[in-house]
Amino acid sequence: MPSSTTPARTDFVPVVLGGDIGSYALIREFHEAYGIKSIAMGTGFIGAITHSKIAELHHIDAYAERPLLQGLAEVHERYPERRIVLVANTDPLIDTLEGMHDDLPAYVSCTIPPRTAFDAVCDKGTFARLCREHGLEAPRTEVVRLSGTGPIAPSEIPFPVVAKPAVSAGYYGTLLKGFKKVYYITAQAELDELWRGLRAAGFDGDFLVQELIGGDDTYMDSLTLYIGRDGRPRLLGAAQVLLEDHAPAMLGNPVAMLIREKQELWKRAAELLASAGYRGFANFDVKRDPATGREVFLDCNPRMGRNSYYNVAGGVNPMEVLVRDSIDEADDEVRVASDPALYTLVPLSLLRRYVRDEALLSEVNDLIRRKRVFDPQRYAPDRGVRRMLDVELTEKNQIRKFARYYPEATDTSF
């Protein structure tokens with residue numbers, strides 16, 4: 001955070017779309033970097049945002065073009081001399097911004113990839129082809145088209161397999177109907193039942209069937225990159241996952257991570273993004289195959305990721321990188337988030353129960369002893385009784401969630 005003698009920036013105002021923990025992380029990042037409050041714009045907010053001292057709430061009726069443009073106009077009326085830096089951190093919101101980007105007023109700065117680049121890297125089917133072209137491994141994949149009523153051929157990939165939507169943004173409404181984010185399938189009959197259920201629910205997009213890459217949560221890695229306006233990377237971050245959320249609608253979202261360096265993967269991922277004309281933040285999910293050691297790229301998300309704050313733990317604030325590129329137009333060299341740190345959204349006692357590798361557990365305990373633990377929800381300038389009560393209850397609820405959905409670690413993470 002800027003020192004007490006450094007004045008807060010007054011040339012721009014951040015507008016953070018959404019109301020979840022990923023949004024709060026961005027609000028905190030703006031405050032740490034520039035001592036500035038953000039406008040939290042959304043249809044609803046978690047308690048950590050509602051009771052925050054570093055955010056002002058701006059309610060809108062829906063995440064759609066008309067209410068968003070109206071909300072931005074209202075913010076501009078309050079701050080007519082400031083640029084608006086508009087950010088979002090979920091696939092559906094980025095998809096919405098893609099659709100309205102050309103209609104954004106001149107006073108709004110919104111750094112997202114061009115539509116062609118967004119489509120190329122965010123469709124998990126075309127993403128696999130891009131990976132192969134740049135020397136990156138992707139899982140064996142089949143694309144299943146659920147539009148129409150015709151029969152769907154059996155999978156040729158040996159079971160068990162993983163099934164998930166080809167484009168996450170178009171699946172959000174189906175997710176709200178009780179479907180899972182990712183499916184672990186052990187037989188063809190289960191796949192057939194899934195196809196029937198999705199069609200009955202009105203989903204007519206594409207689904208992917210992929211080979212299962214074994215290994216528990218600790219075999220997952222996350223890469224975060226920011227590609228500047230000139231096509232060069234400005235931020236490189238990576239973390240090894242220790243534990244993921246296992247609630248059906250949140251499956252696969254990391255809740256605890258260790259900072260890592262991934263020089264070769266960073267290089268190839270940056271080349272992949274640049275070749276597609278990509279700009280802005282991208283977050284890759286990578287899984288290491290315990291049987292072969294290969295590093296398999298599962299997908300790319302067009303945003304900094306729900307857990308963007310792990311980059312701050314590693315020494316680089318993503319919102320500072322964004323502002324330096326998009327507002328200050330600085331030609332900075334790439335910054336690498338590589339400081340040793342433990343990032344967590346869950347109680348340490350819960351985390352320790354799920355880390356089965358002794359060397360990893362020793363590293364976790366060492367970072368705890370060295371006070372290198374970072375939780376984006378726990379921010380000294382934003383303490384307050386009501387907000388911290390919400391944070392405590394949220395973290396304690398994690399214990400109940402894991403007891404229900406993932407009582408013990410498994411070798412597949414399912």
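Salt-bridge annotation for Arg356 and Glu408: absent, with no side-chain N of the basic residue lying under 4.0 Å from a carboxylate O of the acidic one. At a threshold of 4.0 Å, the pair Glu211-Arg294 counts as salt-bridged, since one of the basic side-chain nitrogens sits closer than that to a carboxylate oxygen. Taking a cutoff of 4.0 Å between a charged side-chain nitrogen and a carboxylate oxygen, Arg387 and Asp382 qualify as a salt bridge. The pair Arg372-Asp366 does not count as a salt bridge, with every side-chain nitrogen at least 4.0 angstrom from each carboxylate oxygen. Salt-bridge formation is not detected for the pair Arg268/Glu271: no Lys NZ or Arg NE/NH1/NH2 atom is positioned less than 4.0 Å from an Asp or Glu carboxylate oxygen. Between Arg306 and Asp91 there is no salt bridge, since no side-chain N of the basic residue sits under 4.0 Å from a carboxylate O of the acidic one. Ion pair Asp119/Arg115 flagged as a salt bridge, since at least one NZ, NE, NH1 or NH2 atom sits closer than 4.0 Å to an Asp/Glu carboxylate oxygen.
Residues Leu223 and Val286 are in side-chain contact: their nearest non-hydrogen atoms beyond the backbone lie under 4.5 Å apart. For the pair Glu264 and Glu295, the minimum side-chain heavy-atom distance is 4.5 Å or more. Under the 4.5 Å side-chain criterion, counting only non-hydrogen atoms from C-beta, Ser155 is in contact with Gln188. Asp289 has its side chain within reach of Thr292: a pair of non-hydrogen atoms, C-beta onward, lies under 4.5 Å apart. Between Trp266 and Val336 there is a side-chain heavy-atom pair separated by less than 4.5 Å. Counting heavy atoms from C-beta on, the side chains of Leu57 and Ile49 come closer than 4.5 Å. In this structure the side chain of Leu345 reaches within 4.5 angstrom of the side chain of Gln377, judged on heavy atoms. Residues Arg199 and Ile152 form a side-chain contact, since some pair of their non-hydrogen atoms from C-beta on lies under 4.5 Å apart.
Around atom CZ of Arg404, no more than 12 heavy atoms belonging to other residues, nucleotides or ligands sit under 6.0 Å away. Few gaps surround CZ on Arg229; more than 12 heavy atoms of other groups in view lie less than 6.0 Å from it.
Ring-plane geometry between Phe374 and Tyr309 is classed as tilted, the angle between the planes lying from 30 to 60 degrees on a 0 to 90 degree scale.
Of the N and O atoms on the side chains of Tyr184 and Ser413, not one donor lies less than 3.5 Å from an acceptor on the other residue. Side chain to side chain, His246 and Asp217 meet the donor-acceptor criterion of an N or O pair below 3.5 Å. Of the N and O atoms on the side chains of Tyr34 and Asn317, not one donor lies less than 3.5 Å from an acceptor on the other residue. For the residue pair Asn365 and Arg352, a side-chain donor N or O sits within less than 3.5 Å of a side-chain acceptor on the partner. Inspection of the Asn283 and Thr224 side chains reveals an N or O donor paired with an N or O acceptor under 3.5 Å. Donor-acceptor pairing under 3.5 Å is lacking for the side chains of Gln398 and Thr394.
Sorted by first and then second residue, the salt bridge (Lys or Arg N to Asp or Glu O under 4.0 Å) pairs with a member in residues 149-165 read Lys164-Asp299; sequence neighbours excluded.
In this structure, Ile60 CD1 and His58 NE2 are separated by 7.5 Å, a value rounded to the nearest 0.5 Å. Separation of atoms CZ (Phe45) and OG1 (Thr43) is listed at 7.5 Å; rounding is to 0.5 Å. Interatomic distance, Thr111 OG1 to Leu97 CG, rounded to the nearest 0.5 Å: 11.0 Å. Atom CE of Met319 is separated from atom OG of Ser38 by 9.5 Å, given to the nearest 0.5 angstrom. Rounded to the nearest 0.5 Å, atoms CG (Leu367) and CG (Leu258) are 6.5 Å apart. The line from CG of Asn311 to CZ of Arg335 is 10.5 Å long, rounded to the nearest 0.5 Å.
Put simply, the residue from Arg234, Arg279, Arg232 that forms a salt bridge (Lys or Arg N to Asp or Glu O under 4.0 Å) with Asp325 is Arg234. Just one residue in the list Gln240, Lys287, Arg288 forms a side-chain hydrogen bond (donor to acceptor under 3.5 Å, both in side chains) with Asp221, and that residue is Arg288.
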Please report, to 0.1 Å, the donor-acceptor pairs under 3.5 Å made by any side chain of residues 170-181, with sequence neighbours excluded.
residue	atom	partner	partner atom	Å
Tyr171	OH	Lys180	O	2.7
Lys177	NZ	Ala201	O	2.6
Lys181	NZ	Asn253	OD1	2.9

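Close placement of the Tyr354 and Phe402 rings is indicated, their centers lying within 6.0 Å of each other. A ring-centre distance under 6.0 Å is not found for Phe414 and Tyr406.
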request  = Determine, step by step, whether Glu363 and Arg260 satisfy the salt bridge (charged side-chain N to carboxylate O under 4.0 Å, His left out) criterion, reporting the C-alpha distance in whole Å, the side-chain angles of both residues, the deciding distance to 0.1 Å, and the verdict.
outcome  = CA-CA 12 Å; Glu363 185 176 357; Arg260 294 289 187 242; 2.8 Å; yes
query = Is there a salt bridge (charged side-chain N to carboxylate O under 4.0 Å, His left out) between Arg324 and Glu320 once you walk through the steps?
reply = CA-CA 6 Å; Arg324 290 281 298 165; Glu320 184 177 343; 5.7 Å; no
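Annotation: cation-pi pair Arg303/Phe281 absent, no NZ/CZ under 6.0 Å from the ring centroid and within 45° of its normal.
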